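Everything numeric here is computed off the predicted structure, so don't read it as measured data. Just so it is clear: chains get the letters A, B, ... in the order the sequence lines come, proteins before strands, and each one is counted from 1.
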Amino acid sequence: MARPPTFSPPQTEAELLARARALSGVCLGELAQRVGAEAPVDLRRAKGFTGQLVEQLLGASAASRAEPDFQRLGVELKTLPVNRRGRPAESTFVSTVDLAEIDRVEWAACRVRAKLARVLWVPVEGERDLPVPARRLGEPLLWSPDPDQDAQLRADWEELAGVIGRGGIESLSARRGRVLQVRPKAANARSRRQGTDEDGLPFATLPRGFYLRASFTAEILRRNYALPG
DNA sequence: GATTGATCATAC
DNA sequence: GTATGATCAATC
């Protein structure tokens, strides 16, 4: 993406939400122009395009920082591709699996919970047959997990973290977990990260990440939007 | 049609 | 290489 004009960080949640609302209904082609960029024809070689574009437009701190997108506000930004029925088209990446420390961290202090504590969801049209520049942003939603959602996330995280902490990451498939799952998060299948096996010995494994299942984000949208039947 | 495992771009 | 931003594409 070309060098963008800079947008100041929002000072309050209300300001952030107002800015995001002002972008709803606008297509990615026009939004890209506003930062001096051009929307790609497809996302095969630009998978992070939408997220990075919206980050810029809303004044998020620079990408690739291990901090909330809106540091001052403690808010994480997530664009969410949705189909024409308003259903998420993809799972949502949350955080990488910290193989070195996960056996010593509790839910209350883990990165998954921290990241999901406050999220600005920005739906974006995600039909693959809709050209990227024509895809429009939807109405944003500033969200925190309710007690039930927190409990669901916690149960899955504790189960998954338990398996990993006992050295069983190689036995974990994406089928595990009702709302949260563990999947590869890597440049390619040859990527490696140091983990711990069942005997407590270090070994090299594929980097993994925690993802929210689409069914979980679909429920968030269902509760907060009037969706087509 | 939905899901899992694999992959891509960029910043530092 | 590691972190961020995610979607692709093979398969079920």
Nearest to the [X] side chain among [options], which nucleotide is it?
| X | options | result |
| --- | --- | --- |
| A:Arg193 | B:dC8, C:dA3, C:dT7 | C:dA3 |
| A:Arg175 | C:dA9, C:dA6, B:dT4 | B:dT4 |
| A:Asp69 | B:dC8, B:dT4, C:dT4 | C:dT4 |
| A:Arg44 | B:dG5, C:dA9, B:dA9 | C:dA9 |
| A:Tyr211 | C:dT4, C:dA6, B:dT4 | C:dA6 |
| A:Arg213 | B:dT3, C:dT7, B:dA6 | B:dT3 |

Donor/acceptor link under 3.5 angstrom from A:Lys185 side chain onto base of C:dG5: yes
Side-chain donor-acceptor pair under 3.5 Å between A:Arg111 and A:Thr96, yes or no? yes
Distance check needed: [N] [atom2] versus [X] [atom1], whole Å only.
| X | N | atom1 | atom2 | answer |
| --- | --- | --- | --- | --- |
| A:Asn83 | C:dT7 | CG | P | 13 Å |
| A:Asp42 | B:dA9 | CG | P | 11 Å |
| A:Arg111 | C:dT4 | CZ | P | 6 Å |
| A:Arg85 | B:dG1 | CZ | P | 12 Å |
| A:Arg190 | B:dG5 | CZ | P | 17 Å |
| A:Asn188 | C:dA6 | CG | P | 21 Å |
| A:Lys78 | C:dG5 | NZ | P | 5 Å |
| A:Phe93 | B:dT7 | CZ | C1' | 14 Å |

Pair A:Arg183-A:Ser91, side-chain hydrogen bond (donor to acceptor under 3.5 Å, both in side chains): steps then yes or no: CA-CA 10 Å; A:Arg183 304 219 307 279; A:Ser91 57; 2.9 Å; yes
Using OP1 and OP2 only, check whether a side-chain N or O of [X] sits under 4.0 Å from [N].
| X | N | answer |
| --- | --- | --- |
| A:Lys115 | C:dG5 | yes |
| A:Arg183 | B:dG5 | no |
| A:Gln52 | C:dT4 | no |
| A:Thr79 | C:dA6 | yes |

When A:Ala187 and A:Arg87 are each assigned the nearest nucleotide of DNA chain B, the 5'-most assignment goes to A:Arg87
Using the closest heavy atom to pick a nucleotide of DNA chain B for each, name whichever of A:Arg45 or A:Leu172 lands nearer the 5' end. A:Leu172
Check whether more than 12 heavy atoms from other residues, nucleotides or ligands sit under 6.0 Å from atom [atom1] of [X], and answer yes or no.
| X | atom1 | result |
| --- | --- | --- |
| A:Arg118 | CZ | yes |
| A:Arg136 | CZ | no |
| A:Glu67 | CD | yes |

When all nucleic acid strands are considered with a 4.0 Å heavy-atom cut-off, which category describes [X]: base, sugar-phosphate, or nothing?
| X | answer |
| --- | --- |
| A:Ala186 | base |
| A:Ser173 | sugar-phosphate |
| A:Pro207 | nothing |
| A:Glu76 | sugar-phosphate |

I'd like to know if A:Arg113 and A:Asp150 make a salt bridge, using a cut-off of under 4.0 Å between side-chain N and carboxylate O. yes
